Enquirer: 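Pasting in a structure now, in structure tokens, and then I'll have a few things to ask.
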Number of protein chains: 2
Amino acid sequence: MLEDVVRALGHATLGSRLRRLGERLQADAQDLTGILTGKDLPSPHHTVLAALNRNGPLNIGDLAASLGQSQPGVTRMIGKMKAAGLVTAETAPTDKRVSTIHLTKEGTARITELEALHWPAVEAAVADLCGQIDGSLLDQLSALETLLTEKSLKQRVLEAQEPETKP
Amino acid sequence: MLEDVVRALGHATLGSRLRRLGERLQADAQDLTGILTGKDLPSPHHTVLAALNRNGPLNIGDLAASLGQSQPGVTRMIGKMKAAGLVTAETAPTDKRVSTIHLTKEGTARITELEALHWPAVEAAVADLCGQIDGSLLDQLSALETLLTEKSLKQRVLEAQEPETKP
DNA sequence: TACATTTAAATACCAAGTTATATATCTCGT
DNA sequence: ACGAGATATATAACTTGGTATTTAAATGTA
């Protein structure tokens, strides 16, 4: 069995490690979207929809700030979401530079589905995982990695769903 | 002040949050490489060099396993590192499919620099940060984000270096 | 009012990761 | 020894992120 180098290097490679674990969780969560809501929705779209749903229409800059991402990244993501029919952009009447992003009917429907079906399930599964771990950040990351290797987030969520549908 | 949506959604968006924080730490750590060793070295190259230094020559597949990444990703990264003169690939005599990756003199020099100058500094700064936080994973992530917003990892490392160079 | 500065978004380019597939080589059973 | 299947790596196509720069509009100041 080969050593996990990123893990072995400890604090010095914490960035790589957080990123790697984050990608793994995101991929599982995205997979679950398709299974739970019947429609696929890329993970980064989730947070954009949530931001618009929580705050109402936002311009690109505010969206970037509330997501903690760069403006060009958000511009491109919004381009894709417009193409997917999830949002529309309107030029602000008072300032033609500003484009205000609104949820479409479809976008609203998807975020409603996410709130009803996806987030509660993921929230519960991840909260359950997090409830099993404690200690230092590195200890918790190690424990989380181990738990997820034993059984993926996806499996955990699906197993938690079964009892509701069977009886 | 706009709400941080990823943070607000809690466990449901833990993946995005870990990834975002990881990218931030990685970017800062990479920046420090240039400052501390005088030469720039992309963050993903660090872990590859470390893996080869710890284990000796490795083939692509084992490298991928020890880094926890996909094989094609490692193949491409090795391509760049070959171009940068950090590693060489040798076809294994017993099996022509296998390519064994070796550190070059330059690669060995760079990992030695990293071990001497970069990792101890980053390890100390991150360990110090982690020593200031406790509680649940989400609590620790929130605390870490707050600490890093107050003062970046880069600043922390550089301030820790100054006392050594001044007196 | 005109011009310089600032600001919001878009664009261009690049890095790094993924999955799916192709290619080359090896191994094993007949 | 030959062909089927397994295995190691490479390639292709795509996703998502970033920084630096450009464009267009607004602002403010001489």
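Order of the sequence lines sets the chain letters (A, B, ...), proteins ahead of strands, with each chain counted from 1. This one's a predicted model, so the numbers in the text were calculated from it and none came from an experiment.
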Enquirer: Looking at five pairs on each end of the helix from C/dT1-D/dA30 to C/dT30-D/dA1, what is the angle between the two axes, given to 10 degrees?
Expert: 10°
Enquirer: Please name all residues satisfying side chain to side chain contact (heavy atoms under 4.5 Å, CB included) with A/T75, sequence neighbours left out, ordered by chain then number.
Expert: A/I60, A/Q71
Enquirer: Show which side-chain atoms of residues 116-125 of chain A pair as donor or acceptor with protein atoms under 3.5 Å away, not counting sequence neighbours.
Expert:
unit_1, atom_1, unit_2, atom_2, d
A/E123, OE1, B/H11, N, 3.3
A/E123, OE1, B/A12, N, 3.3
A/E123, OE2, B/H11, ND1, 3.0

Enquirer: Name all pairs fulfilling the salt bridge (charged side-chain N to carboxylate O under 4.0 Å, His left out) condition that reach into residues 65-85 of chain A, sequence neighbours left out, sorted by first residue then second.
Expert: none
Enquirer: Keeping to residues at least two apart or across chains, list the salt bridge (charged side-chain N to carboxylate O under 4.0 Å, His left out) pairs with something in residues 111-121 of chain A.
Expert: A/K39-A/E113, A/R110-A/E113
Enquirer: Kindly write out the residues that satisfy side chain to side chain contact (heavy atoms under 4.5 Å, CB included) with B/T91, not counting sequence neighbours, or none if the list is empty.
Expert: B/K96
Enquirer: Taking ring-ring contact (aromatic ring centres under 6.0 Å, His included) as the test, write out the residues that go with A/H45, two or more places apart.
Expert: none
Enquirer: Do the side-chain N and O atoms of B/R19 and A/S43 include a donor-acceptor pair separated by under 3.5 angstrom?
Expert: no
Enquirer: Scan side-chain atoms only and decide if A/E90 and A/S99 contain a donor-acceptor pair under the 3.5 Å cut-off.
Expert: no
Enquirer: Kindly compute the distance separating CD (B/Q26) from NE2 (B/H46), expressed to the nearest 0.5 Å.
Expert: 9.0 Å
Enquirer: So which of residues 26-54 of chain A are in contact with DNA chain D, with a heavy-atom cut-off of under 4.0 Å?
Expert: A/P42, A/P44
Enquirer: Output yes when B/E145 and B/R17 qualify as a salt bridge under the 4.0 Å nitrogen-oxygen rule, no when they do not.
Expert: yes
Enquirer: Both A/M77 and A/T94 contact DNA chain D. Which one's nearest nucleotide lies toward the 5' end?
Expert: A/M77
Enquirer: Can you build the contact string for nucleotides 3-13 of chain D? Use B for base contact, S for sugar-phosphate-only contact, and - for no protein heavy atom under 4.0 Å.
Expert: ---BBSBBB--
Enquirer: Run the side-chain donor-acceptor check on residues 61-70 of chain B: report pairs under 3.5 Å with partners two or more places apart or on a different chain.
Expert:
unit_1, atom_1, unit_2, atom_2, d
B/S66, OG, B/D62, O, 3.4
B/S66, OG, B/L63, O, 3.2
B/S70, OG, B/G73, N, 3.3

Enquirer: Going by side chain to side chain contact (heavy atoms under 4.5 Å, CB included), name the residues that satisfy it together with A/A109, two or more places apart in sequence or in a different chain.
Expert: none
Enquirer: Using the heavy-atom set of chain B and a strict 4.0 Å cut-off, write down the first and last nucleotide of DNA chain C that makes it in, 5' to 3'.
Expert: C/dA15 to C/dC26
